[in-house]
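Here the structure is laid out as structure tokens; the discussion comes afterwards.
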Amino acid sequence: MTARIRIVRDTPLSPDEAWLRLTDWERHGDVVPLTRVTVTTPPPTAAGTVFVARTGTARRIGFDDPMEVVAWEPPHRCRLEKHGRVVTGWAEFEVRPLDGGGSRVEWREELAVWGLPKAADPVLRTAGQWMFGRAVAGLLRDGG
């Protein structure tokens with residue numbers, strides 16, 4: 001099963017500031033429900049950086065979503081490959097300046113979730129669209 005997700009958001013933030021917010025990996029845990037992100041390689045971020053998003057409850061029910069940065073072109077493009085046992089696929093975002101100021105973020109993601117049948121693709125796509133849309137908006141929001 002595979003779900004393809006695309007989110008586009010315009011923001012008054014400069015491309016540099018939008019990029020900084022999107023690539024603050026630990027902050028992703030603040031905007032994705034029940035998730036904590038830990039970077040497992042030393043800074044700075046570059047191709048080869050690895051981090052793990054741990055999603056779950058306090059009762060140890062959950063899963064790890066390990067990701068690796070495979071393309072790093074600040075402040076315009078970043079691509080991540082997902083190497084988990086539960087979630088696989090990739091995520092990529094681009095940041096472009098807008099005429100008159102601000103920037104446009106385009107986030108694309110392709111997810112496969114172990115154990116879900118192909119018939120669940122529309123549900124996964126809808127849930128992913130909501131969750132990643134909320135995450136991108138939260139990362140770009142003023143004050144954080």
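Just so we're clear, the structure is a prediction, and the values are computed from it rather than from any experiment. Nothing fancy with the numbering, it's 1 onward along the sequence.
Under the side-chain hydrogen bond (donor to acceptor under 3.5 Å, both in side chains) criterion, D24 pairs with no residue at all, not counting sequence neighbours. Applying the side-chain contact (heavy atoms from CB on, under 4.5 Å) rule to A135 yields the partners V31, V32; only residues at least two apart in sequence or on another chain are considered.
Interatomic distance, CG of D99 versus CZ of R104, reported as 10.0 Å (0.5 Å rounding). Rounded to the nearest 0.5 Å, atoms CZ (F93) and CG (L22) are 5.0 Å apart. Taking CG from L139 and CZ from R134, the interatomic distance works out to 10.5 Å, rounded to the nearest 0.5 Å. Here the OG1-CG distance, from T55 to D65, works out to 6.5 Å after rounding to the nearest 0.5 Å. With values rounded to the nearest 0.5 angstrom, T88 atom OG1 is found 10.5 Å from H83 atom NE2. To the nearest 0.5 Å, atoms CG (D64) and CZ (F51) are separated by 13.0 Å.
With hydrogens and angles disregarded, a donor-acceptor distance shorter than 3.5 Å links the side chain of S103 to the backbone of L13. At distances below 3.5 Å, not a single donor-acceptor pair connects side-chain atoms of R36 with backbone N or O atoms of G29. Judged purely by atom type and a 3.5 angstrom limit, D121 uses its side chain to pair as donor or acceptor with the backbone of T2. A donor-acceptor pair is defined here as one N or O able to donate and one able to accept, closer than 3.5 Å; such a pair exists between the side chain of T35 and the backbone of P33. At distances below 3.5 Å, at least one donor-acceptor pair connects side-chain atoms of T49 with backbone N or O atoms of A46. A donor-acceptor pair under 3.5 Å links the side-chain atoms of Q129 to the main chain of R6, judged by distance alone. For H76 (side chain) and W19 (main-chain N/O), no donor-acceptor pair under 3.5 Å exists by modelled atom type.
M131 and V136 end up in the same hydrophobic cluster when Ile, Leu, Val, Met, Phe, Trp and Tyr side chains are linked at under 4.5 Å. Cluster annotation: L116 and F63 are assigned to the same hydrophobic cluster (Ile/Leu/Val/Met/Phe/Trp/Tyr, side-chain heavy-atom contacts under 4.5 Å, transitive). Residues V50 and W72 are members of separate hydrophobic clusters, defined by side-chain heavy-atom contacts under 4.5 angstrom among Ile, Leu, Val, Met, Phe, Trp and Tyr. One hydrophobic cluster, built from ILVMFWY side chains closer than 4.5 Å, cannot hold both V70 and V95; they sit in different ones. Residues L20 and V105 are members of separate hydrophobic clusters, defined by side-chain heavy-atom contacts under 4.5 angstrom among Ile, Leu, Val, Met, Phe, Trp and Tyr.
Between I7 and G133 the shortest heavy-atom distance is CD1-N, 3.3 Å. Summarising the geometry of M67 relative to A53, their closest heavy-atom pair is CE-CB, 3.8 Å, with the distance given to 0.1 Å. In plain terms, the two heavy atoms of A137 and R9 that are nearest each other are CB-NE, 4.3 Å. Closest non-hydrogen pair, C78 versus W25, comes out as SG-CH2, 3.9 Å. The minimum heavy-atom distance linking E81 with G89 is given by the pair OE1-O, 3.6 Å.
For residues 108-117, the side chain to side chain donor-acceptor pair (under 3.5 Å) pairs, not counting sequence neighbours, are R4-E110, K82-E109, E92-R108, E94-R108, E106-R108, W107-E109.
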